[in-house]
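First up is the structure itself, then whatever we jot down about it.
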Amino acid sequence: MSTDNPLITQLRSIVGPTNVLNEGDLSAWELDWRKRERGHALAVVRPASTAEVASVVKACAAAGVSIVPQGGNTGMVVGSTPDASGTQVVLSLTRMNQVRALDGANLTITVDAGCVLQSIQDACEQAGFLFPLSLASEGSCTIGGNLGTNAGGTQVVRFGNTRELCLGLEVVTPQGEIWDGLTGLRKDNTGYDLRHLMIGSEGTLGVITGATMKLYPLPKAQLTAFAAVPSLDAAVQLLGLAHQHLSAGLTGFEVMGQFALSLVTKHFAQIKVPFQNTDFPYCVVLENSDQESEAHARERFEHLLEVAMEQGCVVDAVVAESITQARALWHIRESIPLAQAQEGLNIKHDISIAVSRIPEFVRQTDALLQAAYPGARLVNYGHLGDGNLHYNVQAPEGGDAEAFLRDDEKGVNGIVYGMVDQYKGSISAEHGIGSLKRDKLVQHKSPVALDMMRAIKRALDPHNLMNPGRMLSIK
Ligand code: FAD
Ligand code: MLT
Ligand code: ZN
C-alpha cells in the first residue's frame with residue numbers, strides 16, 4: 001500500500017485506511033454504467049459521515065485536487081466517474097446509508113445521501129407511507145445521485161421529478177463548509193432557493209450529504225394495464241382520457257415501440273410480452289393508484305379502457321389481476337434499457353417535447369433518419385406522460401458503424417437535436433449533461449443562460465474543483 005502522496009495519507013487518517021482505495025480493480029468506480037468511458041482515479045474515498053465528507057473536501061481543496069461525487073454510478077451521461085488523468089478523487093457516498101428520521105405528521109423522511117433508493121422506498125412502506133420516486137435502477141442508485149441528476153422515472157406524471165419531492169438538503173460546499181438546510185419546511189421564501197440550485201447540479205456545486213424528502217399516503221389499491229395502441233397519436237389521446245378519468249389517480253403512463261419490445265423478447269426469453277407480432281406499433285403501460293378501494297380502482301380503470309376502445313385509441317388491453325402480474329408488466333418496460341444495451345451499438349437520446357407535438361416530431365424525425373441511414377432501427381420508448389422520450393437509434397444491422405456514430409449536424413445526433421430545437425424541446429429531459437452532452441449543451445442552450453450558469457459555478461467553486469469538465473467547461 002503506497003503512502004507516498006501526502007494527500008492520500010491525510011485522507012486515510014480522515015476516513016480510515018480501508019476506505020481509501022488506490023490500487024487493485026477500481027472498475028466499479030472508474031467505469032460508467034454504459035461502459036462508454038473508463039477513467040483513472042487518484043483514489044476512491046468512502047466517508048461515513050457529513051463531518052468526514054467536509055474534512056475530505058477541505059483536504060482536497062488545500063491540495064488543489066478535484067473531486068467527483070459518486071452514488072450508485074448508474075448515471076447515463078458519464079458524470080460520476082473520474083477523467084483519465086489519475087489526479088481526481090472519487091468521493092463515494094455509499095457508506096452514508098442511514099435513515100435519519102421519519103416524521104409521519106410532517107410527511108417527510110430525512111436520509112443520508114448514500115441511501116439506495118429502494119431502501120428508502122422500503123423504509124417508507126414499512127412505516128405506512130409511499131415514497132414515489134421510482135426508476136429501474138432503484139436497486140443501486142442513491143438518493144444523492146437522484147438529487148444530483150434531478151432524476152425522473154416512471155411516476156413523474158403524478159409526483160414530479162426528484163426536485164419536486166425534496167424539502168431540504170444538507171450540502172458540503174466546495175470549501176468544505178457544511179450547509180444544514182434540512183428544514184422539512186413546505187414554505188420558505190427567505191431569499192434564493194439554494195436547494196433548487198443544488199438539485200440537478202451533477203456534483204459541480206457541492207456534495208449533497210443528506211436530504212429531507214416528501215412522503216405520501218400509501219394507496220389502497222394500485223392497478224396496472226398494458227394496452228396496444230394503433231399510433232402515437234392514439235397514445236396521446238389515451239393520455240388525455242386517462243388524465244380526465246383518473247385525475248390524480250394516474251400515476252404512470254409509459255409508451256414503448258414494438259421494436260423496443262422485440263429486443264426484450266429477444267434478449268430475455270423468459271419475459272412474456274403481450275401483443276407481440278401484431279400490427280400495433282406501440283404499447284402503453286398505465287397505472288392507476290386509488291385511495292378508496294380495489295373495486296373502485298378497477299371500476300374506474302375498466303371504464304377508462306372501455307371509453308378508449310370506443311374512441312379507437314386502444315385496440316386491446318390487459319389489466320393485471322394481482323401485484324405479481326402488475327410487477328411483470330412493469331418489468332417488461334423496465335427491461336428495455338438492458339435489452340438495448342445487449343443489442344449492441346446504439347445512440348441514446350433523452351428528449352422532451354410538448355406532449356401534444358410528440359407524434360408529429362416522431363413522424364418527421366423517423367423520416368429524416370431513414371433517409372440518412374436506411375435501416376436504422378428506432379428504439380423508441382419512454383415517459384410519454386411527461387413528454388419525455390428515449391428516442392434511441394440502433395445501428396442498421398450489418399451497417400457502417402463509423403458512419404452511424406459520426407457526430408456532426410448530418411449525423412444521428414445532429415438530425416435528432418436539430419428537430420428538438422425546431423420543436424423547442426430539451427436535449428436532456430432527465431439524465432443530465434455529464435461529460436457526454438457537455439459540448440451539445442453549448443450548441444442547444446441559450447448563451448444568456450449559459451453565462452448565468454458559468455457565473456454561478458465560478459462564484460461557488462472558484463477553483464473549479466467540484467466535478468470539473470462536467471456539464472459546463474469553465475476556462
Ligand atoms: P451517480 O451515477 O453516481 O451520479 C450521477 C451524477 O450525480 C454525477 O454527476 C455525480 O457526480 C452526481 N452525484 C452523485 N451523488 C452525489 C451527491 N451525493 N452529491 C452531489 N452530486 C452527486 N434516470 C432517470 O432520470 N429516469 C429513469 O427512469 C432512469 N432509469 C434508469 C434505468 C437504468 C437501468 C439505469 C442503469 C439508469 C437509469 N437512470 C434513470 C439513470 C440513473 O439511474 C439516474 O441518473 C440516477 O439518479 C443516478 O443515481 P446514482 O446514485 O447512480 O448517481
Ligand atoms: C428509462 O426510462 O428506462 C431510463 O431513463 C433509462 C434509459 O433510458 O436507458
Ligand atoms: Zn427514462
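We use all heavy atoms of the structure for the numbers below, so side chains are in, but hydrogens, waters and symmetry mates are not. Counting starts at 1 for both ligands and their atoms, following the listed order.
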Look only at interatomic distance and state if G148 has a nitrogen or oxygen under 3.5 Å from any nitrogen or oxygen of ligand 1.
-> no
May I ask you to identify the nearest protein heavy atom to atom 23 (N) of ligand 1, giving residue, atom name and distance to one decimal place in Å?
-> H431 CD2, 3.6 Å
Would you check whether N392 has a nitrogen or oxygen atom less than 3.5 angstrom from a nitrogen or oxygen atom of ligand 2?
-> no
Is any side-chain heavy atom of Y381 less than 4.5 Å from a side-chain heavy atom of L261?
-> no
Aromatic plane relationship, H390 with H431 - under 30° parallel, 30 to 60° tilted, over 60° perpendicular | parallel
Any side-chain heavy-atom pair from D350 and I427 closer than 4.5 angstrom?
-> no
Nearest candidate to atom 51 (O) of ligand 1, where distance is taken over non-hydrogen atoms, out of T142, V53, T74 | T142
K348 touching ligand 2 at heavy-atom level, < 4.0 angstrom | yes
Does any N/O atom on A151 come nearer than 3.5 Å to any N/O atom on ligand 1?
-> no
Any H431 heavy atom less than 4.0 Å to ligand 2 | yes
What about S140: any of its N or O atoms under 3.5 Å from an N or O on ligand 1?
-> no
Test item: side-chain donor near acceptor, H349 and N392, under 3.5 Å | no
Can you name the N/O/S atom of E430 that is nearest the Zn ion (ligand 3)?
-> OE2
Which residue, T50, V57, V171, forms the side chain to side chain contact (heavy atoms under 4.5 Å, CB included) with V207?
-> V57
OG on S428 to CG on L436, rounded to 0.5 Å = 10.0 Å
Record the part of Q340 in heavy-atom contact with ligand 2 below 4.0 Å; permitted values are side chain, backbone, both and neither.
-> neither
Hey, is ligand 1 close enough to M76 that some N/O pair sits below 3.5 Å?
-> no
Are any of the N/O atoms in L135 less than 3.5 Å from those in ligand 1?
-> no
Give the single entry among E254, R333, H349 that approaches atom 2 (O) of ligand 2 most closely by any heavy atom.
-> R333
Tell me whether H431 has at least one N, O or S atom under 2.8 Å from the Zn ion (ligand 3).
-> no
Find out whether I332 and P274 are in side-chain contact, i.e. whether some heavy atom of one side chain is under 4.5 Å from a heavy atom of the other.
-> yes
Counting only heavy atoms, which portion of L93 has something under 4.0 Å from ligand 1: side chain, backbone, both, or neither?
-> side chain
When L239, V229, L389 are each screened for side chain to side chain contact (heavy atoms under 4.5 Å, CB included) with V255, the one that passes is L389
How about L147 and C166: do any of their side-chain heavy atoms sit closer than 4.5 Å?
-> yes
Would F159 and Y216 satisfy ring pair (Phe, Tyr, Trp, His ring centres under 6.0 Å), going step by step from the backbone distance to the final call?
-> CA-CA 10 Å; F159 298 101; Y216 289 82; 4.8 Å; yes
Taking distance alone, with no angle check, do G79 and ligand 1 share an N/O pair under 3.5 Å?
-> yes
Would you check whether V68 has a nitrogen or oxygen atom less than 3.5 angstrom from a nitrogen or oxygen atom of ligand 1?
-> no
